[in-house]
Each structure stands twice: as C-alpha cells, then as structure tokens.
Amino acid sequence: MVAPLRVGIAGLGTVGAEVVRLIEEQSRMLSERSGRGVRVVAVTARSKAKKRSLDLRGIDWAKSPLALASDPNVDCFVELMGGSGEPALSAIEAALKSGKSVVTANKALIARHGLRLAKAAEKHGGALNFEAAVGAAIPVIKTLREGLCGTGVNRVYGILNGTCNYILTRMEHEGLSFAECLKDAQRLGYAEANPSFDVDGHDTAQKLAILASLAFGTKVAQSAVYVEGISSIAPEDLRAAEELGYRVKLLGVAVRTAKGIEQRVHPTMVPKSSSIAQVMGVTNAVTIDGEGIPAITLVGPGAGGAATASAVVADIADVARGIRAKPFGRPVERLRDITKAPMERHEGGYYIRLMARDLAGTAATIATRLAEQKISLESIVQRHPEGVDANGAAKKPSPVPVILITYATSEDAVYRALEAVQRDKVISGRPQVIRIEKN
Ligand code: HSE
C-alpha cells in the first residue's frame with residue numbers, strides 16, 4: 001500500500017478553498033484514479049483568523065509559505081497565492097530544491113520565472129505542473145505538452161481571458177457599455193484584482209507566452225508579445241462586425257511565419273462561422289493547428305474557483321501517479337530563443353473604420369491611398385446620414401462612418417495608407433483598425 005501524497009496549500013482564496021474542498025469530496029475517486037491517496041496535510045494563507053466556510057480540522061497551519069514549502073511532511077507544494085514575484089517565487093524554489101513537486105495556477109510567475117523554476121524541477125527531480133495557469137479547467141497544457149508531442153504545431157490561438165470575452169459578449173448581445181459589463185465581471189470574480197490587467201490584454205499575453213513555448217519549443221518570452229486591449233472597441237464596431245459576418249474577440253495568437261514567431265494579443269475579427277466565434281461569456285477556447293491534422297479546438301470554463309480548482313487537482317493527481325513530465329515539454333536547455341517576427345510585417349486582412357468627410361472625392365482619395373500601398377479591398381460601406389435635418393434643411397457635410405475590409409496585406413502598408421489619408425484631411429479622429437484572423 002503506497003502512502004498517501006501529502007499536499008500543502010499556500011493561499012486559501014476562492015481557488016485554494018475550492019481545492020481543499022474538492023480533494024476532500026473526491027478523495028475516493030482520486031485515490032482510485034491516481035493509485036494513491038491524496039491528503040491535504042497543511043495550509044497557509046495571509047490571515048489565519050479570517051472566517052472561511054472550510055473545515056480545516058486536522059490540517060496544520062504553517063506560519064509562512066516558505067515554512068510550508070520546506071515542511072518535511074509535505075510531498076507536494078501547491079501555490080495559489082498569485083503574483084509574479086515574492087513570496088510565491090522563493091517558496092516554489094525552496095520546495096523544488098528540496099525535491100518536492102509543485103503545482104501552481106500562477107500564470108504571471110510561470111510567464112516570468114517559468115524557465116528558472118523548470119530548471120530547478122528538472123535538477124531536483126520534482127514535477128512543476130501549471131495546467132490551471134492557462135484556460136483554467138481546459139487541459140491545454142497537457143494537450144500541447146503530452147497529447148501532441150509527436151505533432152508539430154504551426155499556430156495556437158484562442159480566447160484566453162474570460163473577463164474580456166464576457167464583456168465583449170454582453171456588449172454585443174445587450175448593447176451595454178464597457179464599464180457596466182466590467183463591473184459585473186468583477187462582481188462575479190472573473191476579473192483580476194486590477195482589471196486593467198484583463199482588459200488591456202496582459203493576462204492573455206502571459207498565457208499566450210506559456211502556450212507558445214510549449215507549442216514551438218522556444219523559451220517563454222512575454223516581452224516578445226505584441227499587446228492591445230479591448231477598451232477602444234466601440235458598440236459600432238460590434239454592430240459592423242455582425243453585419244459583415246464577423247464577431248470581435250480578444251485573441252492571443254502565436255504563429256510560425258517565414259519571418260519568425262508572431263505572438264500577438266489584440267481585438268480580432270473572426271468569421272461568424274468559425275468555432276472560436278461561437279465562444280461566449282466567460283468561456284475560453286484554444287485552437288491548435290497541428291501539422292497534418294485538422295485544427296483542434298478546446299472549449300471550457302477559463303476562470304472561476306471551481307474551474308481553476310479542477311485543473312489544480314488534476315495536476316496533483318499527476319504528481320500522485322508519479323508523472324514527472326518536463327515542465328515545458330522538453331529539457332529547458334533544449335528550448336530555443338524565440339525569433340520574434342516584427343508586428344509591422346504582420347500579414348492579414350484588416351477592418352478599418354474611418355470618420356470621413358461627406359464630400360465628393362473622399363472615397364476616391366481613400367481608395368487611391370490604399371491602392372498606392374497595393375491594398376486590395378474586399379468591401380467598403382459608407383453609412384449616409386439623412387439628407388435633411390429635423391427642420392427639413394439640407395444637412396451640412398459632416399463626418400460619416402466608412403468601413404473598409406481589406407484582403408490580406410501587411411500592417412505597415414495599412415498604417416502608411418492611413419497616415420496619407422490623415423494628411424489629406426479627408427477624415428477626422430483616429431482610424432479604428434482591427435485585424436482579421438481567418439480559420
Ligand atoms: N482574470 C482571468 C480571466 C482569470 O478573466 O480569464 C483567469 O486567469
């Protein structure tokens with residue numbers, strides 16, 4: 001009879017509390033499926049006095065995360081405190097150096113220090129599992145690290161932030177403002193403590209950097225990710241997308257190109273018929289384009305206590321089974337430096353919304369500037385205001401929205417053309433530009 005795996009948990013927030021509960025509730029199934037019992041023996045959190053609806057009787061309280069990580073009675077240290085640095089970093093490092101296995105949901109820490117921690121895990125023989133760091137309950141790390149280890153990956157992309165998808169979905173369906181939807185996302189516990197982390201795309205960038213490393217065998221390089229958030233998306237963009245057969249999603253995309261690896265996070269027009277366009281609300285989805293096989297799309301809950309705890313407990317079960325996969329799918333010293341493809345050379349279709357002067361020659365000027373950059377248009381729509389005002393008088397020429405969809409072109413060609421259009425003074429304000437991603 002193998003002794004149960006002794007688990008120590010640092011952090012008893014929504015996720016930590018759910019993990020304690022899940023291990024207790026599923027103890028029989030866990031031991032049947034992993035061949036070994038799993039028992040929480042010690043915990044720690046910022047406040048011992050805080051009221052929690054958790055039965056912690058029989059579980060030791062460690063005085064600090066570091067003390068818990070160094071406790072000889074703990075086999076597996078579970079870090080659920082969050083934060084890209086201390087105290088999580090030192091505690092995980094201490095646990096790994098003492099040969100323990102570590103499970104964490106901390107994407108910020110893995111994106112920043114993942115390689116250093118993976119090296120320690122490899123050297124001392126413990127596991128470093130972080131399934132919950134990306135897509136919560138969706139087993140995407142396992143899919144890339146293990147399921148597809150015999151298949152090359154050309155592109156991995158997805159909706160990796162529940163808060164942004166929730167906001168965009170409610171704005172689209174209910175015509176609500178960005179601010180109202182964000183408030184609800186915070187109330188429901190999807191958003192990070194600092195929501196700009198979600199809506200400005202940084203949360204997605206961290207997750208994407210981890211996925212790119214697993215997909216391409218490159219070093220995690222968060223600083224190589226181009227990032228744009230969703231705060232500039234206006235209701236009229238969502239309406240125009242709908243009319244033109246698209247939806248707007250915040251995507252993280254990592255793709256091999258002839259110029260290197262593109263890692264980018266930005267609002268994206270996706271065809272309404274694509275799998276990713278069907279993903280609504282807080283749900284996440286990841287599509288993997290593998291060599292020689294049709295695309296695989298994994299869809300599921302990407303945020304929230306229960307979804308995150310589900311992945312954490314699955315990682316703990318792997319430790320109980322004795323699985324010690326290389327954290328990034330291959331030894332750290334075999335991971336290559338990333339060759340970053342410059343964003344100016346990104347190629348694809350573009351949605352462009354301009355506020356154009358409603359006078360003869362404006363459309364011709366815009367078309368000329370695009371043609372000079374060899375940009376071919378798939379469609380152009382101009383919304384005309386009524387010809388007369390409320391008093392029956394002819395309306396003065398005023399800016400009208402003009403929406404352009406281009407065929408594939410390069411990013412720098414688009415910006416050169418738009419700068420020329422601005423110099424021509426036929427538009428007012430800043431053009432809205434949204435990249436299109438075809439499936
Ligand atoms: N704030 C994140 C999200 C939680 O909205 O997806 C999971 O990382």
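Residue numbers count from 1 along this sequence. Atoms considered below: every heavy atom in the structure, side chains included; atoms not considered: hydrogens, waters and symmetry mates. Ligands are counted one by one from 1 in listed order, and the atoms in each one are counted from 1 as well.
In summary, K259 and E344 do not engage in a salt bridge, as defined by a charged side-chain N under 4.0 Å from a carboxylate O. Using a cut-off of 4.0 Å between Lys/Arg side-chain N and Asp/Glu carboxylate O, R28 and E32 are scored as salt-bridged.
Partner of K249 under the side-chain hydrogen bond (donor to acceptor under 3.5 Å, both in side chains) criterion, out of N165, N161, T268: N165 alone. Looking at R435, E411, E262 one by one, the single match for side-chain hydrogen bond (donor to acceptor under 3.5 Å, both in side chains) with H346 turns out to be E262.
For the atom pair T204 OG1 and F197 CZ, the distance stands at 9.5 Å (nearest 0.5 Å).
Of all the atoms in ligand 1, the ones that sit under 4.0 Å from a non-hydrogen atom of K107 are 7 (C), 8 (O). Distances below 4.0 Å separate heavy atoms of D198 from the following atoms of ligand 1: 1 (N), 2 (C), 3 (C), 5 (O). Heavy-atom proximity to G162, at under 4.0 Å, picks out these atoms of ligand 1: 3 (C), 5 (O), 6 (O).
Checked by atom type, the side-chain pair D289/N154 shows no donor-acceptor distance below 3.5 Å.
At under 3.5 Å, a nitrogen or oxygen of T163, whether backbone or side chain, sits near a nitrogen or oxygen of ligand 1. Here's the thing with A191: none of its N/O atoms is less than 3.5 angstrom from an N/O atom of ligand 1.
Heavy-atom separations between A136 and ligand 1 are all 4.0 Å or longer.
Remark: minimum distance from atom 2 (C) of ligand 1 to any protein heavy atom is reached at E192 OE2, 3.2 Å.
At a heavy-atom cutoff of 4.0 Å, ligand 1 is contacted by the side chain of D203 but not by its backbone.
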